[in-house]
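Here the structure is laid out as structure tokens; the discussion comes afterwards.
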Amino acid sequence: MADHALMVPDTSHAIVDHSLVIGQEFPDVETCRRTLKDIAIALHFDLRIVKSDRSRFIAKCSKEGCPWRVHVAKCPGVPTFSIRTLNGKHTCEGVRNLHHQQASVGWVARSVEARIRDNPQYKPKEILQDIRDQHGVAVSYMQAWRGKERSMAALHGTFEEGYRLLPAYCEQIRKNNPGSVASVFATGQENCFQRLFFSYRASIYGFITACRPLLELDKAELKGKYLGTLLCAAAVDADDALFPLAIAIVDVESDENWMWFMSELRKLLGVNTENMPRLTILSERQRGIVDAVETHFPSAFHGFCLRYVSENFRDTFKNTKLVNIFWNAVYALTTVEFESKIAEMIEISQEVIQWFQLFPPQLWAVAYFEGVRYGHFTLGVTEMLYNWALECHELPIVQMMEHIRNQLATWFNDRREMGMRWTSILVPSAEKRISEAIADAHCYQVLRANEVEFEIVSTERTNIVDIRSRVCSCRRWQLYGLPCAHAAAALISCGQNAHLFAEPCFTVGSYRETYSQMIHPIPDKSVWNELGEGADGGAAKLDILIRPPKIRRPPGRPKKKVLRVENLKRPKRVVQCVFLGYRFDRFIDDSCLKATNMPAGGGLLYFAKGHSIIMAVFKYVEQLAILERAYDGLHIVWEKGFRNDILELDNVAVAQHTFHEGNIVADWLAAPFRASSVDYNGLSEPPASIT
């Protein structure tokens, strides 16, 4: 290698792929520092800075006696720096381990910036592994975490800055999307963030003009640096896709905040329509939501999410037969069918009567619920909210809003283009249902009573259809908004097109109208006006500094798993010893291992549930070592899935007896070094109740 040139090899571990030569220029001294550090890491030698100021930068190899040295100085009259002298020879062996002094948090941040820009979910564990694979350098988990935090702040700003920019961002929403609603509210003398509400004009127009009058309400917890809750009211478009209408972020989920959210939603809908449609609202009907709906939408039909109701029923009774009958009752179209199913359930368990008092059928059963759900019985908005919360928990609040806006804009554009390609009368999902109804209609006998009334006869029952009122006695036409098989038979018999008798919200024209408006982009924050007029509706003014909420994320890794209802309400299982009758309702700690100084021979009984082992000593164990070997053996068998075999550990034999329900596993330990046979509490073999 030449004395005055340092060639950086093109390897998988190299960060730079250029050479250092005399006269090479850098835009500024900081770029020079970063370049030399990158080269030092790539070639695995330590860099010692001799001099660094505004006019010069001198560095050498940190190993004594190594001649490598570079001198960079500022060019006169311009801000650039150039290499004046360079000795590119290395006589040292360099860094012989994976740790490198130049691999600082700042270097980690620069190394992962491009990856984090594309994937904010890039984990510190993945960062340190990728740095080791690509650069041959080992960094600690904390370095990787801090590097990611610094890179995220450089790309998206800090969390604190995000709250400060909220008033200006809301102003940009209203300015670039006229007719949209966006407001932020602070609380207390310190102006801490309390509430944020926004709804785009495109969503408001699409819901008012073309969507069915059905709304879903739900929430998701935010797990960022500052905690909060994401609230949402979403509709359903003609093709059964979610259509977010209004979104809010609040400092904490509370009855007061739900009341405020529904108040804002009522203002939004009330301003945009004179004749407010009678809504059907689905939710989990927590107390705060129920009170808010009754206050601001007193005429709305407010029903349960069927998933919530069914899970509660399943956890309450834990009877498969009862659950199956329950589902038949849920989808029963008439009250007669429903009551017959209820009678079947009561025959199995009288406790069903009390459960129905807590969950009245008028709030969820198809036969009794007065609102029109168009076949939507569960909350589809839940998954969408949790995805947003998971994707955005690393982002400041303004970036979170931008992420949501970008996704909404993408949905609008993609669905608008898709709708323009359709040539049918109805959207594909409705076309499919109508086609199925027409296929089933051929097996019915049609008797015409007059111009609009028909009698549809089948082997099971007779139904009456009125094509003018769009009513069938089976109630399916009214409940789903599409002609049922009976209605299709009547329409075909009189030469009508069944597709034309679907509700207008299922037409391709309505679908196109739903997404006819655009969600316009928000310009870069560098062009926002820092100061301006205050927002309407009591929102924070642009010149008010909004601080983050006082509720911060607690230490430790946040839980990302969505907890299902049954996991929260499942009762604690109690197990009982088959020998002594002891009952255990909690895990036994290591004190049970202190069973020493007992005669040899005996048994152990293990209770297993999930991946936790409850261990109890019931008979004679001579030495602690034997017990420990048996306990380790059980872990090995557990990892193998409790196969029914014998596991030999020294002179310890463990046999597994796995119960059918998988809740209790009995493992027997024999110590044959003193006894020729195992004594099971005076029995020659295990009791029949556990074999």
Side-chain angles (χ1 to χ4, degrees), residues 214-221 234 236 240 253 258 280-291 293-294 300-386 474-476 479-480 561-574 585 609-610 660-663:
L214 174 68
L215 283 179
E216 299 179 5
L217 302 178
D218 207 358
K219 51 85 178 178
E221 302 296 329
V236 182
D240 293 333
E253 183 190 12
W258 272 115
T280 296
I281 297 176
L282 298 181
S283 72
E284 293 185 355
R285 286 185 62 92
Q286 299 100 320
R287 177 182 173 184
I289 299 180
V290 171
D291 293 342
V293 171
E294 290 179 353
F301 302 105
H302 189 189
F304 270 113
C305 167
L306 200 53
R307 183 188 297 114
Y308 176 79
V309 175
S310 62
E311 288 177 351
N312 187 286
F313 185 89
R314 182 185 61 196
D315 295 338
T316 301
F317 297 102
K318 295 181 173 61
N319 186 312
T320 303
K321 183 178 180 180
L322 205 57
V323 171
N324 291 335
I325 300 175
F326 170 80
W327 280 110
N328 291 332
V330 166
Y331 291 111
L333 296 176
T334 64
T335 57
V336 175
E337 295 176 13
F338 181 84
E339 294 299 335
S340 66
K341 298 301 178 183
I342 297 302
E344 292 182 32
M345 288 190 282
I346 293 176
E347 290 180 2
I348 299 175
S349 174
Q350 292 289 328
E351 296 179 357
V352 171
I353 300 175
Q354 298 178 354
W355 186 89
F356 277 109
Q357 294 175 353
L358 297 175
F359 295 90
Q362 293 80 4
L363 300 178
W364 51 268
V366 173
Y368 282 103
F369 186 69
E370 297 182 10
V372 181
R373 291 175 286 188
Y374 301 93
H376 286 264
F377 304 107
T378 59
L379 295 177
V381 69
T382 304
E383 183 179 358
M384 179 190 71
L385 289 179
Y386 274 102
C474 76
R475 300 186 68 241
R476 188 176 295 274
L479 294 173
Y480 291 87
K561 182 180 179 181
V562 178
L563 295 178
R564 299 179 65 86
V565 176
E566 62 265 27
N567 293 336
L568 299 176
K569 297 187 177 181
R570 179 171 294 164
K572 187 184 298 182
R573 185 177 298 277
V574 178
D585 60 357
K609 179 175 181 291
H660 176 67
E661 293 184 354
N663 292 325

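Computed from heavy atoms alone, side chains included, the values below leave out hydrogens, waters and symmetry copies. The structure presented is a predicted model; accordingly, all values stated were derived computationally and were not measured.
Under the rule for a side chain to side chain contact (heavy atoms under 4.5 Å, CB included), the partners of L479 that lie at least two apart in sequence or sit in another chain are L333, V366, R475. Applying the side chain to side chain contact (heavy atoms under 4.5 Å, CB included) criterion to F369, with sequence neighbours excluded, gives T280, F301, R373. Qualifying side-chain hydrogen bond (donor to acceptor under 3.5 Å, both in side chains) partners for N319, counting only residues two or more places apart in sequence or in other chains: none. Applying the side chain to side chain contact (heavy atoms under 4.5 Å, CB included) rule to I289 yields the partners L217, W258, S283, Q286, V293, H302; only residues at least two apart in sequence or on another chain are considered.
Atom CG of L358 and atom CG of L363 lie 11.5 Å apart (nearest 0.5 Å). For the atom pair OG of S310 and CZ of F377, the computed distance is 12.5 Å after rounding to the nearest 0.5 Å. Of the inter-residue distances, the one linking Y386 atom OH with D218 atom CG reads 7.0 Å to the nearest 0.5 angstrom. Interatomic distance, CG of L379 versus CE of M384, reported as 11.0 Å (0.5 Å rounding). The distance from the CD atom of E216 to the SG atom of C305 is 8.0 Å, given to the nearest 0.5 Å. The OG1 atom of T316 lies 7.0 Å from the NZ atom of K318; values are rounded to the nearest 0.5 Å.
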**Message:** What verdict does the side chain to side chain contact (heavy atoms under 4.5 Å, CB included) test give for V236 and Y374, after you've listed the backbone C-alpha separation in whole Å, the side-chain angles of each residue and the deciding distance to 0.1 Å?
**Reply:** CA-CA 10 Å; V236 182; Y374 301 93; over 6 Å; no

**Message:** Please evaluate residues V330 and L306 with respect to the criterion side chain to side chain contact (heavy atoms under 4.5 Å, CB included), reporting the C-alpha separation (whole Å), side-chain torsions for both, the decisive distance (0.1 Å), and the verdict.
**Reply:** CA-CA 9 Å; V330 166; L306 200 53; 3.2 Å; yes

**Request:** Start with the C-alpha distance between F356 and E351, add both sets of side-chain angles, then the distance that settles side chain to side chain contact (heavy atoms under 4.5 Å, CB included), and finish with yes or no.
**Result:** CA-CA 9 Å; F356 277 109; E351 296 179 357; over 6 Å; no

**Request:** Show your working on side chain to side chain contact (heavy atoms under 4.5 Å, CB included) between L282 and L214 and close with a plain yes or no.
**Result:** CA-CA 8 Å; L282 298 181; L214 174 68; 4.2 Å; yes

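Counting only residues at least two apart or in different chains, side chain to side chain donor-acceptor pair (under 3.5 Å) contacts with residues 322-343 comprise E339-Y368. Judged as a side chain to side chain donor-acceptor pair (under 3.5 Å), the pairs with a partner in residues 352-367 (not counting sequence neighbours) are, in order, N312-W355.
Residues Y480 and G375 approach most closely at CE2-CA, 3.4 Å, considering heavy atoms. Looking at every heavy atom in both residues, F304 comes nearest to E284 through CE2-O, 3.6 Å. Annotation for D240 and H376: closest pair OD1-NE2, 3.2 Å, computed over non-hydrogen atoms.
Within 6.0 Å of the CZ atom in R285, the count of heavy atoms belonging to other residues, nucleotides or ligands exceeds 12.
For the pair V352 and F317, the minimum side-chain heavy-atom distance is below 4.5 Å.
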